[in-house]
Amino acid sequence: IVALFFALSSPFVRFGERIAKLFQAKENEQSKSKKMLYVGAIITSFLIILLFFFLYQGANPLFKNFTKNIDLSWINFAFIMLCVSGWILLLGMLKPFTIARNISWDATKLVQKAIFKPIGPEIEVSNTLIFFKLISLIVFISLNVMLLLLNSLDIQNIFIYNKLPDGITLSDFVHFSVNSSITSIVLAIIIIVLIQQLGIKNRMLKILIYGWIFQSIVMLFHTIIRNSWYIKGYQLTYSRIGVYLFIMIAIIGLIYTAYSISKEKNYWFLMNINIETWIIVLVISSTFSWDRIITNYNLSEKKIDQIDIQYLNSLSENNLDLMVKFEKKHPDLFKYYSQKEQLYDRKKYFFKRMKKYNSWQSFSLGKQAILINFKVRRKMMP
């Protein structure tokens with residue numbers, strides 16, 4: 001089993017060693033090594049920028065339309081991945097990483113020459129610092145330029161024209177933008193954490209990161225507006241409430257990131273405070289009866305012919321009294337007999353369950369409120 005583990009890890013270890021050699025050049029190799037560092041930094045930056053470019057295209061159809069004339073078809077990702085993965089596998093097969101070699105490496109190199117060892121002001125500028133500093137500057141300059149263009153297009157269409165551009169639907173604006181936006185923010189925060197861990201200190205880079213954080217919050221604010229349009233045009237659902245929660249957590253995470261940079265906090269602080277925030281948000285959100293909120297909103301805010309009876313019927317029993325009351329007032333809207341039958345089957349099952357578990361241990365304030373709305377006491381249930 002141990003031998004199998006080293007056989008599988010060998011290609012990646014050898015690849016890591018090759019990369020590490022860039023940062024461990026001897027004095028007579030410094031000039032050549034720095035040239036390789038610059039080339040490697042530019043290539044790495046280009047790949048990262050390309051990733052964020054596609055993420056921002058997915059986050060905003062306006063940005064995608066604006067950049068549609070940028071032809072990247074000449075980049076054959078399958079061929080690039082084939083070459084890179086083939087090179088990594090060949091390294092592992094031609095120069096395998098043996099168990100004895102691993103013991104020696106672990107005892108000497110792993111701790112002493114760790115690439116991600118924090119670099120303080122007293123430590124001489126190393127190749128590692130130059131490499132990641134160059135990548136960081138190139139990436140965050142590019143991200144700020146792309147976000148500036150993306151937000152400018154949003155401001156023009158949301159606040160000036162106040163309408164959807166031709167050929168773009170609300171679904172395109174919301175569904176694809178949320179996942180891409182959140183993914184891009186998470187990846188960028190990982191890069192920021194790496195910068196902090198390396199101890200890279202550069203005034204221009206700090207300003208660029210703050211600019212990216214501000215522009216990302218603006219991008220998320222525009223997503224909130226588009227989600228509100230979506231709810232107004234269609235209906236309120238759990239997934240659309242979830243969009244608000246995700247965006248709120250993302251904005252809080254960005255604010256924490258800015259704070260950790262200004263106060264020079266480590267990534268453990270950032271991780272702990274974000275996890276605590278997620279737990280607090282989940283606990284607070286669990287105190288709301290979302291089924292009643294969704295039902296009340298859709299029944300009161302939507303036109304009669306736009307109400308999705310099937311969706312409201314699929315929610316929990318917390319909206320039973322609201323649905324029964326609405327059915328008695330608008331029986332013609334329950335177009336299919338199955339919808340009405342489903343509603344009253346839910347009501348019947350609710351009463352049956354409440355009668356069976358009629359004890360103080362199973363008491364529920366929410367269920368009791370529904371019974372009161374039905375004007376039925378627990379001991380008098382049918």
Side-chain angles (χ1 to χ4, degrees), residues 16 20 23 41 44-45 48-49 51-52 55-56 59 110-126 128-144 147 178-221 223-224 242-287:
F23 310 107
T44 306
S45 302
I48 294 172
I49 291 165
L51 173 62
F52 277 94
L55 283 172
Y56 287 147
L110 188 62
V111 176
Q112 296 173 9
K113 298 182 178 180
I115 290 176
F116 299 110
K117 185 178 179 181
I119 300 169
E122 74 283 355
I123 296 176
E124 190 178 342
V125 176
S126 65
T128 306
L129 191 62
I130 295 170
F131 180 76
F132 284 104
K133 185 178 177 180
L134 186 58
I135 288 178
S136 303
L137 285 168
I138 294 172
V139 167
F140 277 98
I141 288 171
S142 303
L143 293 188
N144 274 285
L147 273 180
V178 175
N179 291 335
S180 297
S181 299
I182 300 298
T183 303
S184 67
I185 288 169
V186 170
L187 288 175
I189 288 177
I190 290 172
I191 295 172
I192 292 170
V193 168
L194 179 59
I195 291 169
Q196 285 182 288
Q197 185 68 9
L198 286 167
I200 298 174
K201 294 182 179 180
N202 182 278
R203 182 177 175 80
M204 182 181 175
L205 179 59
K206 202 171 185 180
I207 293 170
L208 287 169
I209 291 173
Y210 283 140
W212 172 84
I213 289 172
F214 174 75
Q215 290 206 83
S216 295
I217 291 174
V218 172
M219 177 180 69
L220 292 172
F221 175 69
T223 306
I224 290 173
V243 168
Y244 284 132
L245 289 176
F246 267 109
I247 292 173
M248 182 181 71
I249 290 172
I251 290 173
I252 293 171
L254 287 168
I255 294 170
Y256 286 154
T257 304
Y259 176 79
S260 71
I261 293 170
S262 66
K263 299 297 181 181
E264 296 186 351
K265 300 286 187 180
N266 59 22
Y267 63 91
W268 286 113
F269 164 81
L270 200 59
M271 185 183 296
N272 287 336
I273 198 168
N274 273 291
I275 291 172
E276 287 172 5
T277 301
W278 299 341
I279 292 171
I280 290 169
V281 169
L282 286 173
V283 170
I284 293 174
S285 65
S286 67
T287 62

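If you read the sequence from its start, that first residue is 1, and numbering goes on from there.
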What donor-acceptor contacts under 3.5 angstrom involve side-chain atoms of residues 242-255, with partners at least two apart or in another chain?
from: Tyr244; atom 1: OH; to: Ser228; atom 2: OG; distance (Å): 2.7

Distance, nearest 0.5 Å, that separates CG of Leu194 from CD1 of Ile191 = 8.0 Å
Over all atoms of both residues, closest heavy-atom pair of Ile185 and Met219 | CD1-CE, 4.4 Å
Closest contact, heavy atoms only, Leu147 versus Gln215 = C-OE1, 3.3 Å
To the nearest 0.5 Å, what is the distance between CD1 (Ile261) and CD1 (Ile213)?
-> 4.5 Å
Would you name the heavy atoms of Gly211 and Asn144 that are closest together and state the gap between them?
-> C-OD1, 3.2 Å
When rounded to the nearest 0.5 angstrom, what distance separates CD1 in Ile182 from CG in Leu187?
-> 11.5 Å
Taken in chain and number order and not counting sequence neighbours, the residues that satisfy ring pair (Phe, Tyr, Trp, His ring centres under 6.0 Å) with Tyr259 are Phe269
Over all atoms of both residues, closest heavy-atom pair of Ile49 and Ser142 | CD1-OG, 3.1 Å
Could you give the distance from CG (Leu205) to OG (Ser136), rounded to the nearest 0.5 Å?
-> 5.5 Å
Note: Leu220 and Ser181 closest approach over all heavy atoms is CD2-CB, 4.3 Å
How many angstroms lie between atom CD1 of Ile135 and atom CZ of Phe140, to the nearest 0.5 angstrom?
-> 12.0 Å
Across all chains, not counting sequence neighbours, the side chain to side chain contact (heavy atoms under 4.5 Å, CB included) partners of Asn274 are Tyr256, Leu270, Trp278
Tyr210 atom OH, over 12 foreign heavy atoms within 6.0 Å = yes
Reported CG-to-CG distance for the pair Leu143 and Leu55, which is rounded to 0.5 angstrom = 10.0 Å
Non-hydrogen side-chain atoms of Met271 and Val193 separated by less than 4.5 Å = no
In short, Trp212 meets Ala188 closest at the heavy-atom pair CZ2-CB, 3.1 Å
Quick one: does Thr287's side chain have a donor or acceptor within less than 3.5 Å of a partner on Val283's backbone?
-> no
